[in-house]
J.: 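Right, I'll just put the structure down here and ask away after.
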Amino acid sequence: MERKVLIEAKDISKQFKGYEAIKKLDFSVYEGEIFGFLGPSGAGKTTTIKILTGQLKQTSGQASILGIPVEKVDEDIYKKIGIVSDMSGFYEKLTVYQNLKFFAKLLDVDPATIDELLKRFDLYEHRQKPAEKLSKGMKQRLVLIRAILHKPKLLFLDEPTSGLDPVSALSVHKMMEELRADGTSIFLTTHNMEEADKLCDRVALLNEGQIAELDTPENLRLKFNKQKRFMIQLTDHTEVVLEQSVDSAKLIEKWVAADQVETIHSCEPTLEKVFLEATGRNLV
Ligand SMILES: Nc1ncnc2c1ncn2[C@@H]1O[C@H](COP(=O)(O)OP(=O)(O)OP(=O)(O)O)[C@@H](O)[C@H]1O
């Protein structure tokens, strides 16, 4: 079955006073996937989100969101999509519930949805707390709930776990996985490769405004598995790492014949290493 395209970018570029922030980006995002847009600071991630959501005009190329050319996007788009960025705020002095009630009204959402989401994402018991009293992780969950009040088909998450402790980051990951299971597509920018590897169906590796690679994390790891190394666990619990070679094959053959092999795994590179290989630079 043909997958529905929610975002389409065809050769989009953006220049700021002669500086080319993004260069001929070409990609599609499909219904129901978490699409990772990965790159270090300044790679052009936020610029791309701004173009796709009609907040900034590209210098050249074409893009569409939910079938609408980005030039034609107006404020109505915010009824269909959700955005979480470091600019997403709320009223610090209002309670969790009051904040969500305010945005529910703006978006014409049934207030019953608020409790449903607060319960689902573990904020219900904090609903009467002023937002300023929440922990960083809880604040991020509140921002996410705000972004999905109207059940958008497409969600933009710009570095949603940046600055969160590992436990809070995990709860944000769980939210993303649940949303995908519900059929929401997520455009995720991050420079956390582990997060991307765990969550994303496909990733684009962005370097200095250009897509260096675009594929599933698994395919990228296979593609960049140049050394072709294997980890062999023997029945006496020793672990041996061997590079692919005739000598290694002979050794493995000998161990197999003697029934000494417990498991053999290929040692694929991490996505972090893939990024380094593909772009020649680290992510931070
Ligand atoms: N309004 C602007 N005017 C001039 N240059 C800009 C403007 N907005 C972004 N840039 C430049 O474009 C490049 C890409 O910026 P962008 O914010 O898209 O990067 P990013 O990948 O989102 O980085 P970060 O992870 O730090 O948010 C940077 O060099 C930035 O300085």
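As the structure lists them, so they are numbered: ligands from 1, and atoms in each ligand from 1.
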J.: So for G39, does at least one of its heavy atoms come nearer than 4.0 angstrom to any atom of ligand 1?
T.: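 Under 4.0 Å: no for G39.
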J.: Compute both the distance and the angle, then confirm whether R3 meets the cation-pi test with Y30: under 6.0 Å from the six-membered ring centre, within 45 degrees of the axis.
T.: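 Flagged: R3 positioned over aromatic ring of Y30.
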J.: Could you tell me, atom by atom, which parts of ligand 1 come under 4.0 Å of a heavy atom of Y19?
T.: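 Listed by number with element, the hits are 12 (O), 13 (C), 29 (O).
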J.: Could you work out, for atom 22 (O) of ligand 1, the closest of T189, T46, L206 by heavy-atom distance?
T.: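 The residue whose heavy atom sits nearest atom 22 (O) of ligand 1 is T46.
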J.: Does the side chain of K50 come within less than 4.5 Å of K14's, by heavy atoms?
T.: no
J.: Measuring from K136:NZ to L134:CG, what's the distance to the nearest 0.5 Å?
T.: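 With rounding to 0.5 Å, NZ (K136) is 13.5 Å from CG (L134).
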J.: Could you give all pairs that pass the salt bridge (Lys or Arg N to Asp or Glu O under 4.0 Å) test and reach residues 251-263, with sequence neighbours left out?
T.: none
J.: Using the ring of each side chain (for Trp, its six-membered ring), is F103 parallel, tilted or perpendicular to Y91, with breaks at 30° and 60°?
T.: parallel
J.: Are E33 and R180 ion-paired here, with the side-chain N under 4.0 Å from a carboxylate O?
T.: no
J.: Would you say T48 has any N or O atom under 3.5 Å from an N or O of ligand 1, going by distance alone?
T.: no
J.: Which of the numbered atoms in ligand 1 are below 4.0 angstrom from a heavy atom of A21?
T.: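 Contacts of ligand 1 toward A21, numbered from 1: 12 (O), 13 (C).
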J.: Distance to 0.1 Å, residue and atom name: give those for the protein heavy atom nearest to atom 25 (O) of ligand 1.
T.: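 Here the nearest protein heavy atom works out to K45 NZ, 2.9 Å.
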J.: Does P40 have a non-hydrogen atom less than 4.0 Å from ligand 1?
T.: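 The answer is yes: ligand 1 sits under 4.0 Å from a heavy atom of P40.
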